[in-house]
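Structure, as structure tokens:
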2 protein chains.
Amino acid sequence: MLCSCTNRDNTSVFEGRDNAVTMQRRTGGDHRPTLEMVAAAAGVSRGTASRALNGGVNVSRKAMEAVERAAAELGYRPNLAARTLVLGRSESIGLVISETDERLFSDPYFARLTRGVHSELAGSGIQLVLTLAQNDQERRQLVRFAAGRHLDGVLLISHHRPDPLPLALEDAGIPVVVAGRPNGPECSTRSWWVDADNCGGARQAVEYLISKGRRNIATVAGTQDMSAGFDRLQGWKEAMRVAAGALPEDLIAFGDFSEGSGRRGAEELLARGRPIDAIFAASDLMAFGVLDTLHRRGLKVPEDIAVMGFDDMPGSERCDPPLTTVVQPIDEMGRILVRMLLQRLRGEEDAETSVIVPTGFVVRGSA
Amino acid sequence: MLCSCTNRDNTSVFEGRDNAVTMQRRTGGDHRPTLEMVAAAAGVSRGTASRALNGGVNVSRKAMEAVERAAAELGYRPNLAARTLVLGRSESIGLVISETDERLFSDPYFARLTRGVHSELAGSGIQLVLTLAQNDQERRQLVRFAAGRHLDGVLLISHHRPDPLPLALEDAGIPVVVAGRPNGPECSTRSWWVDADNCGGARQAVEYLISKGRRNIATVAGTQDMSAGFDRLQGWKEAMRVAAGALPEDLIAFGDFSEGSGRRGAEELLARGRPIDAIFAASDLMAFGVLDTLHRRGLKVPEDIAVMGFDDMPGSERCDPPLTTVVQPIDEMGRILVRMLLQRLRGEEDAETSVIVPTGFVVRGSA
DNA sequence: GTGAGGGGTGGGAGCGCTCCCAAGGATGCG
DNA sequence: CGCATCCTTGGGAGCGCTCCCACCCCTCAC
């Protein structure tokens, strides 16, 4: 039985076909109008037409109008490749995500950062180009693409510590601003970067718990090869060293930012038998796992044990009890990322080359 | 108190700064090596160097090696703008998402489609460029970007019916393949397209319910200006017309694909007082809402009322009872999208210009 | 030995654009 | 009226690359 809403034209189930990349060279007939043709139609020279179409300095009113009319009539579209060739820049920048697409689309972090980048770029005339770089092959191709003058600069979202991409791009002459902190010997120190104050945020969270009378504050730390994981643990350590004198190593459990690892981390901490009256989880997802474990052990939050998270994920205000957590101004970070790259492209010498954005936190029910 | 993990160099909280777009023209000192320089270093001519670097036909072994060595030593990166200018193509294609970034990152559909596109393109040497086109200003800029020879073709993800983008791109000479169905008078019929067999999938779902002895099969339909919403309702109508003779209009409620609208749709259907023994929801999200409503009314699924969804969202197998639902081969659609665009770029006359991909379904507990 | 054939090479032409400079035309002031 | 000044214009140069064609030289057949 044929479906009536199947359309009438040449439609069928697709069959695989030879996929060789042999596109036509010099696409034959579709010669699009060039600036030369516009100029001819308007009765002026190339130079005048170019000036008329780019701001119109030193162009008479009459010439201006003639060129604009001719361009509209011919449906003229400037060849940006030619423009790039002579200008030496393409007026587009890349937003490169050096992560698996799995995380890309599931982690709201990317959505919010992209939104910030996007909003800062709106109306600037600069084209934003999103690109994934998930493996070495793709990274090489990206470097070729960017170095080939397709991108004037790159915003790189990269949170895993040893990422060869910033260095490779800088070596190819592409200015990079990284979201995250590309420190360490194996990474480029030339790249500029923006990061949330993960350390300070974590410290403030612990200090808040202390101010509420908590003393035995454990932590479920995140992945240590990510700056977010490392720095948040640093923040906890700093606050605890001050509060407890020495560092209570037995109050640390390690997770990987996932909910399951939060569950396991809490179980591990409780199993050690040491008194605990608060748990700081290095991500909200892990905090969800911690809450789950505490509930199942019959412990009350926050009466028996206070819980804090980090991120303010969607959903954090709806869990039981609503999660007190550290918030990063992700949109703002995206905007700063763009501003820094534009400064770098303009060659502003006095600009800040790295920015740490302060975090805040929302107090809800869990602490 | 200063955070010890704050780095040592020039770091501070960012302050807004003038954002005018006045990048440096003709970036001064950083003259990168050109093909001419590579040729000179290798002791051959431009032409020979070019041939050596592009497949090496009619190049002696000696010249080949000399050029490769020179290129490596100088760190030569071909200027892709110059290449694009002479070839008339850029060897990159766009994946344009004509949706809000809200949905972009929350709807797993995009992640899976992107994965399919990505995997099909791997190793082809073609650069994939993701772009958002959320408003008219961005759409115009995208057309300029693509028509300016930055993109050889565009894969457009667009499910809202009157989308001016495919037509605008085709008018500018850019081949487009749409994910979705750009039918209707206001839309381009020139664009090629790929769509899931929404109509057939819905019909099969209803036929399955009929085969299980259900007779009064209601539906909560989706947004009607999206082909997915329209076609899925068509499929339900076709099956019901055959089964019931006439079309039971009072078994239709309308939603917008969201969970809340599924809840309201189910309530509306039940409130009409007509006997119902199954509900086909046009999305899993709406099916979740339907299940919720039925539970609250104390109705048993599937004993009292069977429920089917459409999409196979992550989470559909974990709801109560696990959802029986129609699945679209989204990855495969992404792959087909790429293959079709490459065919179109190659100018293959005999290629299919539209493809409807058959759906399947998974039987779980709800029907 | 001579001519045909083919692999290998060099360099001119040209892609479409922007920049620059010389030259023309209009205008103003002494 | 003459000359300096400014606005406007045209067209050459050149961005870095690929294509094309003429040319060279080596090989092989007759």
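What you see is a predicted model; the values in this text were computed from it and never measured.
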Can you check the B:Leu87 CG to C:dG16 C1' distance for me, whole Å?
14 Å
Rounded interatomic separation in angstrom, taking CZ from A:Arg51 and C1' from D:dC7:
11 Å
Could you tell me whether A:Asn79 contacts a base, only the sugar-phosphate backbone, or nothing, with contacts defined as non-hydrogen atoms closer than 4.0 Å?
sugar-phosphate
Any side-chain N or O of B:Thr34 less than 4.0 Å from the OP1 or OP2 oxygen of D:dG16?
no
Is the closest basic N to carboxylate O distance between A:Arg344 and A:Glu170 below 4.0 Å?
yes
Is the phosphate of D:dT18 approached by B:Arg83 (side-chain N or O, under 4.0 Å from OP1 or OP2)?
yes
Reckon A:Ser60 has a side-chain N or O less than 4.0 Å from the OP1 or OP2 of D:dT8?
no
Taken to the nearest whole Å, CZ/A:Arg32 to P/C:dC15 is 16 Å
Given C:dT18, is OP1 or OP2 found less than 4.0 Å from the side-chain N or O atoms of A:Asn54?
yes
How many whole angstroms separate atom CD of A:Glu36 from atom P of C:dC17?
9 Å
B:Glu36: what forms a salt bridge (charged side-chain N to carboxylate O under 4.0 Å, His left out) with it, not counting sequence neighbours?
none
Across the strands shown, which category fits A:Ala63 at heavy-atom distances under 4.0 angstrom: base, sugar-phosphate, nothing?
sugar-phosphate
Using a cut-off of less than 4.0 Å, is there contact between a side-chain N or O of B:Ser50 and OP1 or OP2 of D:dC17?
no
Tell me: CG of B:Leu35 to P of D:dC19, nearest whole Å?
12 Å
Can B:Glu91 and B:Arg89 be counted as an ion pair, charged N to O under 4.0 angstrom?
yes
Separation of D:dT8 atom C1' from A:Arg46 atom CZ, nearest Å, is 17 Å
From C:dC17, D:dC7, D:dG10, pick the nucleotide closest to the side chain of A:Asn58?
D:dC7
Please figure out whether A:Tyr76 or B:Val57 has its closest DNA chain C nucleotide nearer the 5' end.
B:Val57
Nearest-Å distance, CZ (A:Arg89) to P (D:dG16)?
15 Å
With a 3.5 Å cut-off and heavy atoms only, can you find an N or O donor on one side and an acceptor on the other between the side chain of A:Arg77 and the base of C:dG16?
no
Atom CG of B:Leu80 and atom P of D:dC15: how far apart are they, to the nearest Å?
18 Å
B:Leu85, nearest nucleotide to its side chain (from D:dC17, C:dG8, C:dC15):
C:dC15
Does this structure show an ion pair linking A:Arg69 with A:Glu73, if we count only N-O contacts that are shorter than 4.0 Å?
no
Which residues pass the side chain to side chain contact (heavy atoms under 4.5 Å, CB included) test with A:Ser90, not counting sequence neighbours?
A:Thr84, A:Ser92, A:Asp152
If you only use heavy atoms from C-beta on, which nucleotide in D:dG10, D:dG16, C:dC17 is closest to the side chain of A:Ser45?
D:dG10
Selection from C:dT9, D:dT9, C:dG14 that lies nearest to any side-chain heavy atom of B:Val86:
C:dG14
Can A:Arg83 and A:Asn54 be counted as having a side-chain donor-acceptor contact under 3.5 angstrom?
yes
